[in-house]
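The next block holds one structure in the form of structure tokens; read it before the comments.
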2 protein chains.
Amino acid sequence: MTTQKDVAEKAGVTVTTVSRVINDRGYISEKTRNKVYQVMDELNYRPNAVARSLAKKKSNILGVILPVVHHPFFSSLLSYLEEYAYQNDYKVMLCNSQMNAKKEKEYINMLRAQQVDGIFLASHTLDIAAEIKVDLPILSFDRKIEGLPYICSDNDQGGKLAAEHLLEQGAKKLAYIGGSLKLNLLSNQRYYAFKERAAEAGLTVKNFQCQLDSFNRDQYQQLAVNVFKKNKAIDGIFASSDLIAAAVIKVAQKSMINVPENLKVIGYDDIELAQLYSPEITTIRQSAENIAQKSVQLLLKLIAGENIDRRTVLNVELIKREST
Amino acid sequence: MTTQKDVAEKAGVTVTTVSRVINDRGYISEKTRNKVYQVMDELNYRPNAVARSLAKKKSNILGVILPVVHHPFFSSLLSYLEEYAYQNDYKVMLCNSQMNAKKEKEYINMLRAQQVDGIFLASHTLDIAAEIKVDLPILSFDRKIEGLPYICSDNDQGGKLAAEHLLEQGAKKLAYIGGSLKLNLLSNQRYYAFKERAAEAGLTVKNFQCQLDSFNRDQYQQLAVNVFKKNKAIDGIFASSDLIAAAVIKVAQKSMINVPENLKVIGYDDIELAQLYSPEITTIRQSAENIAQKSVQLLLKLIAGENIDRRTVLNVELIKREST
DNA sequence: ATGAAAGCGCTAACAA
DNA sequence: TTGTTAGCGCTTTCAT
């Protein structure tokens with residue numbers, strides 16, 4: 001392994017000088033600088049980031065904790081997080097908590113040990129890992145956690161838009177299908193807002209929830225089957241994710257219920273599947289790209305010691321497609 | 001920040017002793033050990049992984065370079081890579097090369113600088129980053145790169161199975177739709193094997209390729225539109241991924257072509273979408289979980305200095321569903 | 001404009 | 001069984 005010392009010796013200077021040209025700090029003669037660059041090139045030298053982290057007490061690494069990475073929305077979010085991190089000279093260390101509170105806590109500690117400069121935390125555990133008493137900048141996604149700033153999409157507006165759209169399309173018997181409300185996520189607000197808006201129009205909303213260990217395709221479909229078994233009259237469904245919406249549509253079609261003629265379905269997220277599905281799925285779009293960009297920006301501010309709002313809410317919009 | 005020194009002082013021992021109990025190395029009295037544990041607890045101490053990496057010249061980090069992370073197959077692969085890495089006390093640093101050769105090279109250098117112990121490389125660039133002359137263990141996925149061991153699913157078998165299945169289902173006019181063959185990926189073999197098996201049955205195969213910057217939903221659909229515009233008679237399509245298969249089915253349905261009555265479609269991967277789509281998509285299953293598990297295992301062997309086969313091929317299987 | 005030297009937090013000989 | 005000490009590769013203060 002080539003070190004600064006090797007470069008220094010070959011260039012006939014000291015490590016201090018090499019360090020200076022690498023970090024572009026202090027005065028260095030053009031001649032020396034060029035010589036050092038040349039030798040670094042010849043030796044294919046790359047500074048050891050570990051040693052540098054130790055000396056500078058800064059790793060330039062962001063930890064990202066997700067409840068699940070194979071979910072289209074989260075993988076898209078992750079992709080953008082990586083992109084924006086990279087643009088800002090940060091690397092991403094990935095943690096997949098799988099909705100396990102213990103694993104989540106372990107991951108937080110692991111990231112702390114790893115000296116990451118900040119953490120993006122999408123916590124989906126019951127036993128809220130609220131004992132998060134870390135001195136590290138942490139940004140929480142879609143969840144309020146005591147003492148931490150958080151970011152989320154405008155779930156309230158999303159629920160409202162979904163209700164208004166279904167009403168406009170003439171739906172009378174409404175249902176909501178989503179993840180467990182017990183998880184106390186901010187996204188639960190989608191349901192409450194939906195229900196409230198429906199109530200204003202004099203309608204009630206049947207509520208169906210997945211079990212805790214959500215994000216499971218089979219479970220979505222099973223749930224959809226149950227919905228139709230007991231409630232043949234439902235003609236408007238708001239699903240809390242496009243994945244669930246797709247499962248609903250699939251099961252409806254199998255039950256000879258036409259979408260959108262007899263049943264209107266609206267999802268949430270606007271993942272690629274929504275446009276790929278047949279019929280294309282109407283949805284409430286929350287932009288993973290915007291969330292990621294804003295999140296990285298907020299984390300960098302926190303890392304720089306600046307203050308940020310405790311709460312950041314990003315817009316959503318209705319994307320009308322074929323399923324309503 | 002709490003350091004070993006703090007723990008040592010409070011426990012009335014030296015850092016060596018603390019290090020020993022942490023690493024469970026050498027002789028230590030029960031009494032001392034307990035005292036140290038207790039103090040570590042009180043101080044909420046966690047060893048600094050950066051310092052440890054520097055001293056041990058081992059980071060316990062695996063680099064993962066993917067061409068795209070929001071693609072269902074890759075995100076699933078990533079999820080499992082993280083899981084198996086974690087089980088073996090390794091962390092994952094994520095890199096999203098976005099099919100850009102320059103970015104890919106930069107990432108390799110970055111990971112080297114970061115002192116990762118090994119790299120999982122899924123390279124999808126034209127200008128093959130073959131100048132990969134790194135002394136680090138690198139496992140290549142789905143691509144032969146000079147000097148590197150590689151892992152892939154049995155693409156040859158996959159193509160063969162797809163052809164045989166379509167033939168059995170009575171298809172006569174075959175087509176293949178996939179990513180650009182120019183990329184020189186091992187997955188191209190799916191096409192060659194498919195074509196060969198069709199030829200044995202006296203059939204030719206129309207070949208449609210995406211442009212280089214693949215993994216794009218709109219492009220898939222556009223391509224499918226073109227296929228049907230020019231070739232109304234096609235009755236059997238092998239798509240090189242389930243995502244492409246879904247796009248094909250959707251466009252077919254819009255063109256009033258019934259799947260599977262008039263057109264049989266088979267995909268590849270067996271991502272969740274395949275079972276969620278309507279009709280459910282017949283596919284060649286390559287297990288992301290198996291690939292990830294085997295990959296981590298191989299990388300750990302390489303890191304341990306053991307020899308591994310230059311070539312590791314994992315089984316695929318036909319999953320019959322509704323689209324054929 | 002450049003160098004010497006201390007220190008980041010930890011591990012690992014070598015001593016005792 | 002425990003301590004002393006010298007690094008790991010880099011940054012940074014203080015000299016020169």
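Here is how names work: the chains are called A, B, and so on, in the same order as the sequence lines, proteins then strands, and each is numbered from 1. Keep in mind that this is a model prediction, so the values were computed, not measured.
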Assess the side chains of B:E104 and B:S123: does a donor N or O sit below 3.5 Å from an acceptor N or O?
yes
Considering non-hydrogen atoms only, spot the tightest contact between A:Y45 and A:I22 and give its length.
CE2-CD1, 3.7 Å
Any idea which heavy atoms bring A:A292 and A:L81 closest together, and the distance?
CB-N, 3.6 Å
Taking CG from A:D24 and P from C:dA1, how many angstroms apart are they, rounded to a whole number?
13 Å
So do B:D117 and B:K58 actually touch side chain to side chain, heavy atoms under 4.5 Å?
yes
Shortest non-hydrogen contact from A:N96 to A:K103?
O-NZ, 3.2 Å
For nucleotides 9-16 of chain D, give me one character per nucleotide, 5' to 3': B if any protein heavy atom sits under 4.0 Å from the base, S if the only such contacts are to the sugar-phosphate, - if neither.
BBBB-B--
Take atom OH in A:Y80; do more than 12 heavy atoms of anything else shown fall under 6.0 Å from it?
no
B:L43 CG to C:dG9 P, straight-line distance once rounded to whole Å:
14 Å
Looking at DNA chain D, which of residues 27-41 of chain A put a heavy atom within less than 4.0 Å of it?
none
Taking the basic N atoms (NZ, or NE/NH1/NH2) and the acidic carboxylate oxygens, is any pair closer than 4.0 Å for A:D24 and A:R33?
yes
Do the ring planes of B:Y86 and A:Y107 sit parallel (below 30°), tilted (30 to 60°) or perpendicular (above 60°)?
tilted
